[in-house]
Amino acid sequence: MDLYRTAVRPLLFSTLKADPERLHRRSLALLGWLDETRDRPPAQWVLSELERRLSFRDPRLEQQLWRLHFPNPLGLAAGFDKDGVAAGVWSRMGFGFAELGTVTYHPQAGNPRPRLFRLPQDEAALNRMGFNNQGSLSLRERLQRNPGRSHPLGINLGKSKVTPLEEAAADYLGSFQRLRDWGDYFVVNVSSPNTPGLRSLQDKAQLSTILEALQGENQGRKPLLVKISPDLEWGAIADVVDLARTYQLAGIIATNTTIRREGLNARTVAATGNPVAEEAGGISGKPLRDRSTAVIRFIHQQTQGQLPIVGVGGIFTADDAWEKIAAGASVVQVYTGWIYEGPLLVRRILAGLVRKLEERGLHSITDAIGSEQP
Ligand SMILES: Cc1cc2nc3c(=O)[nH]c(=O)nc-3n(C[C@H](O)[C@H](O)[C@H](O)COP(=O)(O)O)c2cc1C
């Protein structure tokens, strides 16, 4: 029986109406404590118990990507562990990789609270966190203190709010220089709706300046990806694909949250009483699912499957994950689905993916990538 879905979630979401950000902070603090004390009891015991219950291994799910070994294709999306406080526990929770950040060059508090809301009628979340994080120096120190991870770790970089848009490249570069030895892959996040003007950096000229600076420094050593918004027009996505070729990016992450509000069941945000349309922020979860899959399919077609895609947006089930992989994603990530479905979600999805492989007579997850293009 899944205790999270039958007891924990109703208690937290409905009975106690727990504030989502506080709940997130507390859960992360607990996981951070487990991580810091992982070699001693009781954390040692708790972690091995979690691993036993939550993880799912099957050689058919393993994959070499960017010369990294992914034990399975399901990762934790950026934004959950911005400061890397639990960097060492995500593999124990069953994830095949985890993306830390978004981290910025300067530490920053983010937007005023409340800034994270659940929309249960839509199995969605609305957030306008605004890159609250302790900064790239602090992340480096934490990763230095607590090294040793068994799966790939991505680091997602954003622009500090105090840095003018014209100086964005130097801001991203500064964080990359601090962190390059500590991440297995790096993501240029130009798609959060919650930093003023950030998404304008997806524009070809502005993005070129950032990628030029980063690849100049990186020289292709670490895989570098760009994370895009689901709200870009097809032409703008094609421009990013062109840049990916020019700057030899390792891939594209599709997608971040959407600022669109169409098709939601929720009229108002319960916590504020305001209409959803009037609350600033990005929507994640189910309402994002089909658009992000369409973006993945488009990129896969544009690149003839030559550019790896990380698929993210609205994954709640193995079917959802499969759809993104079959549309062209090499690996996928979850955030909102994990909140709604709980920690057993990872195992359920991975077991479901293996069943899908068997049903289709495929030998490995890599055979499934882009296998259902129209
Ligand atoms: C509360 C919250 C905070 C997020 N913070 C970040 C972030 O800092 N950087 C980022 O690239 N994406 C961030 N995201 C976006 C997720 O990484 C993901 O792209 C998006 O939520 C879609 O996936 P999902 O539907 O599985 O949540 C955040 C999402 C949520 C819900």
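Atoms within each ligand, like the ligands themselves, are counted from 1 in listed order.
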Which atoms of ligand 1 have any heavy atom of Leu288 under 4.0 Å away? 22 (C)
In this structure, atom 21 (O) of ligand 1 is nearest to the protein heavy atom Ser284 CB, 3.2 Å
State whether the side chain of Ser175 and the backbone N or O of Tyr172 hold a donor-acceptor pair below 3.5 Å, judged by distance alone. no
Residue-level breakdown please: for Ile253 versus ligand 1, do any non-hydrogen atoms fall below 4.0 Å on the side chain, on the backbone, on both, or on neither? neither
Does Arg178 make a cation-pi contact with Tyr105, if we ask for NZ or CZ under 6.0 Å from the ring centre and within 45° of the axis? yes
Min N/O separation Phe131 to ligand 1 under 3.5 Å: no
Got an N/O contact under 3.5 Å between Gly314 and ligand 1? yes
NZ or CZ of Arg221 within 45° of Trp66 ring axis and under 6.0 Å: no
What about the rings of Phe97 and Trp90, do their centers lie closer together than 6.0 Å? no
Atoms in ligand 1 with a heavy atom of Thr255 nearer than 4.0 Å: 19 (O)
May I ask you to identify, for His24, whether its side chain, its backbone, both or neither come under 4.0 Å of ligand 1 on a heavy-atom basis? neither
Side chain, backbone, both or neither: Asn127 near ligand 1, heavy atoms under 4.0 Å: side chain
If I compare all heavy atoms of Arg289 with all of Asp320, which pair ends up nearest, and what's the gap? NH1-OD1, 3.1 Å
For atom 4 (C) of ligand 1, what's the nearest protein heavy-atom neighbour? Residue, atom name and distance, please. Gly79 CA, 3.8 Å
Please determine if Arg52 and Glu49 form a salt bridge, counting it only when a charged side-chain N lies under 4.0 Å from a carboxylate O. yes
Structural part of Leu116 in contact with ligand 1, heavy atom criterion under 4.0 angstrom: side chain
So for Lys227 against ligand 1, with non-hydrogen atoms under 4.0 Å, the contacting part is side chain
Just to confirm my output: which protein heavy-atom neighbour is closest to atom 9 (N) of ligand 1, and how far is it? Thr102 OG1, 2.6 Å
In the protein, which heavy atom is nearest to atom 20 (C) of ligand 1, and how far is it? Thr257 CG2, 3.9 Å
Are the charged groups of Glu279 and Arg128 less than 4.0 angstrom apart, N to O? yes
Counting heavy atoms only, name the option from Ala78, Ser191, Gly281, Pro287 that's nearest to atom 14 (N) of ligand 1. Ala78
Counting the benzene-type ring for Trp, do Trp338 and Phe95 have ring centres under 6.0 Å apart? yes
Consider only side-chain heavy atoms of I, L, V, M, F, W and Y, link residues closer than 4.5 Å, and tell whether Val331 and Leu345 are in one cluster. no
Whether Gly313 lies under 4.0 Å from ligand 1, heavy atom: yes
Is it true that Glu372 and Arg360 have a side-chain N and a carboxylate O under 4.0 angstrom from each other? yes
Going by the order shown, which atoms of ligand 1 are within less than 4.0 Å of some heavy atom of Asn156? 10 (C), 11 (O)
Are Ile259 and Leu288 connected in a single hydrophobic cluster, I mean Ile/Leu/Val/Met/Phe/Trp/Tyr linked by side-chain heavy atoms less than 4.5 Å apart? no
Region of Asn189 engaging ligand 1 - heavy atom pairs below 4.0 Å: side chain
Top protein contact for atom 23 (O) of ligand 1, by heavy-atom distance: Val312 CG2, 3.3 Å
Please list the nearest protein heavy atom to atom 15 (C) of ligand 1 with its residue and the distance rounded to 0.1 Å. Asn256 OD1, 3.5 Å
Can you list the steps and then say if Ser229 with Ser191 is a side-chain hydrogen bond (donor to acceptor under 3.5 Å, both in side chains)? CA-CA 5 Å; Ser229 158; Ser191 48; over 6 Å; no
Where's the contact between Thr336 and ligand 1, heavy-atom distance under 4.0 Å: side chain, backbone, both or neither? both
Can you name the atoms of ligand 1, numbered from 1 with element, that are less than 4.0 Å from a heavy atom of Ala77? 17 (O)
Just wondering, do Pro193 and Arg199 contact through their side chains at under 4.5 Å, heavy atoms? yes
Distance from atom 1 (C) of ligand 1 to nearest protein heavy atom, with residue and atom: Tyr335 OH, 3.3 Å
Return the closest protein heavy atom for atom 8 (O) of ligand 1 as residue, atom name and distance. Lys82 NZ, 2.9 Å
If you define the side chain from C-beta out and look only at heavy atoms, does anything of Leu249 sit under 4.5 Å from Leu211? yes
